[in-house]
Enquirer: 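Have a look at the structure that comes next, please.
As a basis for the values below, the full set of heavy atoms in this structure was taken, side chains included, without hydrogen atoms, waters or symmetry mates. Bear in mind that the values here come from a model prediction, so they are computed numbers and not experimental data.
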Amino acid sequence: MKLFKLLIGFAIILTIHSCAGLSSSTQVTEGEAEYQKGNYEASLNIYEPIIIDKESKGKKAKGPIYVGAGKAAFELNQVDKARKYLESARGLQYASSVMYEYLAKVYKSIDNLSKEITALETYHEKFPQGEKINDMDNRLMETYVESENWDYGVTLWADIDSTAKSDPELLSNYLLINKGLNNTAKCDELAKQITKLDANNMIALEYYADKYFWKAENLYVTEMKAYKNKRTSKQYKRLLKALDQVWPNFKKSRDLYLKLYKIDPKPEYADYLSRIYTRYDDKQKAAYYKKRAQ
């Protein structure tokens, strides 16, 4: 057993010294080759001994070494280690699109939204031609929605490449940005564009379902209240005229929420359906969806 431990220790020392003797470019090339083959552990085992050797001497390895180790560690679900290596690279004033891509992934995995946004924004600013720019911008738009930074979302949209603006996912995030800003006309335009590209897009369907519901509900409440306060024949005719608009909009909303509920039976969809069937005075269906909304 002692002999076995001695042999393992000797092998580790030999690996460290053999790796340290290689040029940085060779180390990065070999580590990246293993990474590209999906051999993340082998990739990390090339980079990590170099880092250990350098840091044991009070020095730092080069930026690409830390980045290589960081992304390999992340793929191995060693998030804390990945964060340490990637932040070490950044601390050396090293910058690459891959480094910020993986920093964003790390911060997302640990639910640190503010740091994720910073990493995504840096990628967008420094690497507008980066290989993953569309993915990074899409996620950045999502983070602006999550953090309700609506104005930042509008600014980002202006910088996005025109060809990327036909992506339904990106358009959906921009729709949410404009909904947050109450830009109704822009929301209508975007929802129409999105549904042409993807008829089952949940965000666009939700937008329309919500729009028709409140258009019907607000008019219904307003005119019913007015009629109850003033029960004249003139007011009754006005109510009937309003109901000619109310019921078609409730129907549109109902059909859309039924479609959404079929795709994803969320309680919030059931709640809207319960409220619509209550307006229709369909007690059985209203109770059915109310139960599923709880």
Enquirer: Verify the ring-centre separation between Tyr261 and Tyr289: is it less than 6.0 angstrom?
Expert: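 Yes.
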
Enquirer: Taking only distance into account, with no hydrogens and no angle test, what donor-acceptor pairs under 3.5 Å do side-chain atoms of residues 110-117 form with protein atoms, sequence neighbours excluded?
Expert:
| residue | atom | partner | partner atom | Å |
| --- | --- | --- | --- | --- |
| Asn112 | OD1 | Ser114 | OG | 3.2 |
| Asn112 | OD1 | Lys115 | N | 3.2 |
| Glu116 | OE1 | Arg139 | NH2 | 3.1 |
| Glu116 | OE2 | Arg139 | NE | 2.6 |
| Glu116 | OE2 | Arg139 | NH2 | 3.4 |

Enquirer: Looking at Lys165 and Asp161, is there a salt bridge between them, counting it only when a charged N and a carboxylate O are closer than 4.0 Å?
Expert: no

Enquirer: Looking at Tyr94, I'd like to know if the NZ or CZ of Arg90 sits under 6.0 Å from its six-membered ring centre while staying within 45 degrees of the ring's axis.
Expert: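 No; the conditions do not both hold, so Arg90 does not lie above the ring face of Tyr94.
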
Enquirer: Indicate yes or no: does Lys259 engage Glu206 in a salt bridge with an N to O separation below 4.0 Å.
Expert: no

Enquirer: For the residue pair Asn138 and Asn173, confirm or rule out a side-chain donor-acceptor distance under 3.5 Å.
Expert: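 Yes.
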
Enquirer: As a quick check of understanding, evaluate side chain to side chain contact (heavy atoms under 4.5 Å, CB included) for Phe213 and Lys252, giving each step before the final call.
Expert: CA-CA 8 Å; Phe213 175 83; Lys252 288 177 185 177; over 6 Å; no

Enquirer: Which class fits the ring pair Tyr272 and Trp214: parallel under 30°, tilted 30 to 60°, perpendicular over 60°?
Expert: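 The rings of Tyr272 and Trp214 stand perpendicular, inter-plane angle above 60°.
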
Enquirer: Name all pairs fulfilling the ring pair (Phe, Tyr, Trp, His ring centres under 6.0 Å) condition that reach into residues 57-88, sequence neighbours left out, sorted by first residue then second.
Expert: Phe74-Tyr102

Enquirer: Got a donor-acceptor contact below 3.5 angstrom from the Arg279 side chain to the Arg275 backbone?
Expert: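 Here the side-chain-to-backbone pair does not exist.
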
Enquirer: Going by an N to O cut-off under 4.0 Å, is there a salt bridge joining Glu101 and Lys71?
Expert: no

Enquirer: Will you find, in the side chains of Asp188 and Tyr207, an N or O donor that is under 3.5 Å from an N or O acceptor?
Expert: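 Short answer, yes.
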
